Each structure stands twice: as structure tokens, then as C-alpha cells.
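Scroll down for the structure; my scribbles are underneath it.
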Protein chains: 4
Amino acid sequence: MTCESGKMFFQIDSTNGIPVYEQVARQVTFAVANGALQSGELVPSVRQLARELAINPNTVARAYRQLQDQNILESRRGTGMVIANGARPICKTERTRILRERIGYVIDEALQSQLTKEEIQKLFQSELGKKRGK
Amino acid sequence: MTCESGKMFFQIDSTNGIPVYEQVARQVTFAVANGALQSGELVPSVRQLARELAINPNTVARAYRQLQDQNILESRRGTGMVIANGARPICKTERTRILRERIGYVIDEALQSQLTKEEIQKLFQSELGKKRGK
Amino acid sequence: MTCESGKMFFQIDSTNGIPVYEQVARQVTFAVANGALQSGELVPSVRQLARELAINPNTVARAYRQLQDQNILESRRGTGMVIANGARPICKTERTRILRERIGYVIDEALQSQLTKEEIQKLFQSELGKKRGK
Amino acid sequence: MTCESGKMFFQIDSTNGIPVYEQVARQVTFAVANGALQSGELVPSVRQLARELAINPNTVARAYRQLQDQNILESRRGTGMVIANGARPICKTERTRILRERIGYVIDEALQSQLTKEEIQKLFQSELGKKRGK
DNA sequence: GTGGTCTAGACCACG
DNA sequence: GTGGTCTAGACCACC
């Protein structure tokens with residue numbers, strides 16, 4: 001599932017084990033970290049985004065609630081949710097934390113399978129090579 | 001939780017999000033892939049392994065049942081479960097499949113966060129460097 | 001034990017030696033093979049079906065899990081289990097496989113008892129004649 | 001697993017769901033029904049048969065115990081087990097009972113799968129045709 | 001509400 | 001002793 005909404009580009013995979021609300025929250029976080037979304041900008045409304053992603057509005061609401069708790073979003077009554085002041089450094093830190101954590105888990109698992117670091121390195125390169133991106 | 005049982009060394013982390021039965025199954029799979037367990041060898045009995053890992057026998061049984069469905073284990077009535085004939089290639093393939101899949105997910109997520117391949121590569125190296133292992 | 005649930009008609013005999021979860025799984029398989037259940041349709045929820053058949057929810061869950069492993073069902077988080085895309089051909093094949101296998105076993109046993117094919121044929125006709133059905 | 005022992009020819013399949021002891025008992029029953037074994041004849045000793053079939057002696061013993069209960073075998077102290085007087089009619093009846101029962105189960109299952117009697121008939125012919133035998 | 005995981009403990013069949 | 005099935009009931013995440 002992918003969709004473009006405002007300045008955001010969402011890509012949801014409901015089969016990869018990561019909760020949908022978590023994926024939504026992360027993608028907002030990442031967009032702020034990149035500078036794609038700036039403090040004060042409106043994010044898509046709960047209902048609109050839910051419609052566009054064909055997911056339950058509760059799921060979007062939960063993602064936004066979590067972002068509020070992290071001081072990344074704040075609600076403007078009568079207007080919607082906007083990127084909070086000071087969100088960018090939080091998001092950058094958060095982005096690195098999330099990615100490092102997930103990379104660490106994968107490495108742990110590979111080590112546990114008795115692969116050597118070198119073999120893990122090779123697998124990683126091989127997968128990275130398959131992907132298109134900068 | 002770690003334990004040594006027969007030729008196997010188990011390490012279970014009940015807090016990392018991966019179901020315990022899945023961790024047990026993977027570790028058997030990995031051990032066969034490594035050659036630590038060979039076709040015809042008995043694996044620890046459901047009850048014994050459950051006792052040693054301090055988990056419920058049903059959880060071990062579920063892991064073993066899944067391995068049966070994958071033609072990695074077969075049950076010998078009244079005797080126990082043994083590594084099936086032809087299990088090793090299955091396990092090797094399975095090991096690579098599991099690790100590649102998980103690596104792929106992490107890379108996807110990192111790319112989506114607008115990191116460049118080079119940046120992802122650096123993060124990976126940094127995390128791999130932190131680990132001890134061969 | 002019989003029950004009607006949604007488009008399904010279940011008939012469970014807990015004394016015939018075939019595990020209850022297996023009977024549940026087969027009946028879903030057969031219903032898909034017949035076209036009574038179509039891709040995308042929800043099957044009865046684990047809890048509801050368990051209540052209606054007066055069995056334990058875990059037993060139903062096990063049947064459904066097995067069907068998931070066979071790519072016949074897929075779970076929609078928070079929604080329920082639906083018939084997977086492409087389930088029908090799988091179910092048709094599976095139905096024939098199951099029945100042929102069981103017929104084959106019976107014939108083997110009869111041959112081993114030194115009955116001739118003709119005698120086996122007669123026994124079969126005689127039993128088939130006793131049954132009511134189309 | 002197959003073996004020839006005295007006048008008996010045993011064929012054991014430990015994967016077809018029928019308990020091994022039951023398969024042993026049935027094959028003795030069938031041999032008596034055919035006249036291959038006659039009243040007063042010795043059957044192979046528990047230990048010898050167990051060795052030849054590579055199964056547990058307890059399993060053979062259990063089969064023989066069941067046959068004793070059915071008045072098909074009787075033990076001669078210091079000699080072994082022999083086919084009892086009057087065993088043949090018992091075995092003939094028993095053979096038909098067993099086969100009819102198993103055929104009935106299979107037909108029931110096929111009917112439950114919504115196959116018509118005609119379709120079941122065809123499946124049966126097809127499987128019978130595959131077998132070699134008289 | 002949904003499914004998923006896990007525990008605890010029973011009973012059975014088999015060797 | 002072994003695995004296999006089933007029950008009862010808890011807790012969690014998700015929608």
C-alpha cells in the first residue's frame with residue numbers, strides 16, 4: 001500500500017510484522033528528520049490519511065497520538081495536527097535510534113546462526129545491491 | 001535464557017518480539033544448517049527442553065511441529081523426534097531465506113527514511129563493529 | 001456435533017480418530033473446493049466457531065493456523081481470517097490428495113489381506129450402497 | 001518395512017497412522033483368514049519378529065496379547081504362541097468387519113466433502129487401478 | 001471485537 | 001519414557 005498525501009509519501013506493508021500504526025508514525029518521523037516536513041506544517045487529517053491508505057482511522061489516530069507523546073506533533077484546535085517546534089532534532093535522533101536498533105537485532109540473529117561477521121557482511125551487501133535508491 | 005541440551009545450545013530472549021516457539025525452531029534449523037545436528041539424530045525431548053528453557057512444553061511442541069511441517073524433523077513414535085533425511089539442504093536454504101528477508105526489511109526501512117545507501121552501509125558497519133563474534 | 005456458521009456447515013465427530021482440528025481444517029478446505037466459500041470471505045471467528053462447536057478456541061486456532069500455512073487462509077489483523085487469493089485450486093488439489101491417500105491406504109490393507117481386487121470392489125460397492133447421499 | 005517370517009509375510013508402514021501393533025495383529029488375522037496359518041501352528045516368537053521388523057518387542061507383545069484376547073492366539077508354555085482352535089472363522093469375520101469399517105469411514109469423508117457417489121466411485125476405481133494385485 | 005502467544009495441566013497412544 | 005490432542009484461561013497487540 002502506498003500513497004502520497006501532501007508532502008508525505010507513505011508506504012505501508014501490513015505483512016512485515018511491524019504494526020501499521022508504527023509504520024505510519026515512523027514515516028512521519030523520517031519525513032521530519034529529512035526536512036520534508038517542517039515545524040508548523042499540517043499533517044494530513046486522520047480521516048483523510050486513513051481513507052488514502054485504506055486503513056482504520058483508529059490506526060492513524062494511534063500513530064498521531066504516539067507522535068504527540070514524543071513532542072513531534074501538536075494539535076491545533078479546529079485546524080488539525082502540525083509538526084511541533086523543535087521536532088526535527090528529536091526526529092533525527094529517533095531515526096538513528098530506530099535504525100540502529102533494528103540493524104543490531106538482525107546482526108544478533110545472524111551471529112546466533114553461526115555465520116561469521118564476514119558472511120553476514122556479504123549477505124548484507126548482496127541485499128543492499130538488490131535495492132534501488134540513492 | 002540459555003541452555004545446553006545434547007549437541008544444541010539454545011538462547012531464548014522472550015522480550016525481543018520474536019515468538020519463543022519461532023526462536024526454538026530457528027535455532028534447530030540453524031544447528032542443522034551448520035552440521036551441528038545430523039540426519040537421524042534425536043533432538044532433546046519436548047519435556048526435557050521445556051524444563052531446561054523454563055518454558056511450557058506446548059511451546060516446544062509447537063516449534064517441533066512447525067519443523068515437522070517443514071520436513072526438518074520427523075517423530076518416531078514412543079522414541080522422540082529426529083532430524084529428517086534431507087533436512088540439511090532445507091535448513092541451509094531456510095537459514096539464508098530468513099536472514100535475507102530480515103536484512104531486506106531493515107534496508108527498506110532505512111531507504112524509506114531517505115538515508116542513502118552509503119549512509120545505511122555506514123550504520124551497518126558501525127553496528128557490526130560493536131558485536132563480538134567471529 | 002454439527003453446526004451452521006455463516007456459509008459453512010460443520011460436522012465434528014470427536015470419536016472417529018481424526019483429530020478435531022484436522023476435521024475443522026478439512027471442512028474449510030472442502031468448502032473452498034466446492035465454491036461454498038470464496039476468496040476474500042471471512043470465516044467464522046475463532047471464538048465464535050469454538051462456541052458453536054463447543055470446543056476449545058485453541059483447537060479452532062490450530063486448524064486455522066494450519067490453513068494459513070497452506071496458504072488457504074490469511075489473517076487480517078483485528079478483523080479476522082479470510083479465504084486467501086488463489087485458495088480454491090489449492091483446496092481442490094488438497095481435497096483430491098486427501099481422499100486419494102485415504103482410499104489408497106484402505107485398498108492396500110485389503111490387498112494385503114489377500115482379497116482380490118474384485119472382492120475389494122464388491123465390498124466397496126456394498127458399503128457405498130448403504131450410504132445416503134447424491 | 002517388510003519381512004518374511006515362517007509362513008507369514010509382514011509389511012509395516014509406520015507412517016500411515018495405524019499403530020504398528022495394530023498392523024501386526026491385523027496381518028496375523030488376515031493370514032489366518034486366508035488359511036496361510038492354520039490352527040496349532042506356531043507364530044514367530046516375540047523377540048524374533050521384533051528383530052526382523054526392527055520394532056520394539058513390546059509392540060509385538062502387545063499385538064499378540066490383543067490376538068489372545070480375541071481367541072485367535074493361545075500361548076503354549078515353554079513353546080510359544082500358536083493359532084487357537086476355531087481361530088479361522090473369527091478371523092474371517094474380523095477381516096470383513098475391519099475392512100468394511102475402514103471403507104465406510106473413507107466414504108463418509110468423501111460424501112462430507114460434497115463429492116457425489118459417482119465421483120467417489122471414480123476416485124476409487126482410479127486408485128484400485130493403480131495397484132498391482134490379483 | 002479480532003487473532004497470536006504462552007502457561008498449566010489433563011488424558012491418550014505408543015514403545 | 002515419548003509425542004499428540006485437547007481444555008481452560010491468561011495477556012497482548014491490533015482495529
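Predicted, not measured: the structure shown is a model, and the values here were computed from it. Chain letters run A, B, ... following the sequence lines, proteins first and then strands; every chain starts at 1.
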Just to confirm, is there a sub-4.0 Å distance from OP1 or OP2 of E/dT2 to any side-chain nitrogen or oxygen of C/Ser45?
->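 Checking E/dT2 against C/Ser45, a side-chain N or O does come within under 4.0 Å of OP1 or OP2.
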Distance check: side-chain N/O of B/Gln48 vs OP1/OP2 of F/dG1, anything under 4.0 Å?
->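 Checking F/dG1 against B/Gln48, no side-chain N or O comes under 4.0 Å of OP1 or OP2.
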Taking for each residue the nucleotide of DNA chain E with the nearest heavy atom, is it C/Thr79 or C/Arg65 whose nucleotide lies nearer the 5' end?
->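 So the residue in question is C/Thr79.
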Value in whole Å for how far the [atom2] atom of [N] lies from [atom1] of [X]:
X	N	atom1	atom2	value
B/Met81	E/dG15	CE	C1'	16 Å
C/Arg76	E/dG4	CZ	P	13 Å
D/Tyr64	E/dG15	OH	C1'	17 Å
B/Leu42	E/dG15	CG	P	15 Å

Heavy atoms under 4.0 Å is the rule here; annotate nucleotides 6-13 of chain F 5' to 3' with B where the base is hit, S where only the sugar-phosphate is, and - elsewhere.
-> BBBB----
B/Gln11 and B/Thr2 side chains, donor-acceptor separation under 3.5 Å =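 Distance-only check fails for B/Thr2 and B/Gln11.
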Which one of B/Gln66, B/Met8, B/Gln23 satisfies the side-chain contact (heavy atoms from CB on, under 4.5 Å) criterion with B/Val28?
->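 Considering B/Gln66, B/Met8, B/Gln23, a side-chain contact (heavy atoms from CB on, under 4.5 Å) with B/Val28 is found only for B/Met8.
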Count the heavy atoms belonging to other residues, nucleotides or ligands that lie under 6.0 Å from CG of A/Asp69, then report whether that count exceeds 12.
->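 Count over threshold, so yes.
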Describe the nucleic acid contact of B/Gln68 in one word from base, sugar-phosphate, nothing, applying a heavy-atom distance below 4.0 Å.
->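 Sugar-phosphate: the residue B/Gln68, judged by heavy atoms under 4.0 Å, touches backbone atoms but no base.
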Would you say the side chain of A/Ile98 lies within less than 4.5 Å of the side chain of A/Arg102, judging by non-hydrogen atoms?
->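 A/Arg102 reaches A/Ile98 side chain to side chain.
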Hey, mind stepping through C/Tyr64 and C/Val43 against side chain to side chain contact (heavy atoms under 4.5 Å, CB included) and telling me if it holds?
-> CA-CA 9 Å; C/Tyr64 282 5; C/Val43 291; 3.8 Å; yes
Main-chain N/O of B/Thr15 paired to B/Asp13 side chain as donor or acceptor, under 3.5 Å =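 Checking the backbone N and O of B/Thr15 against the side chain of B/Asp13, a donor-acceptor pair under 3.5 Å is found.
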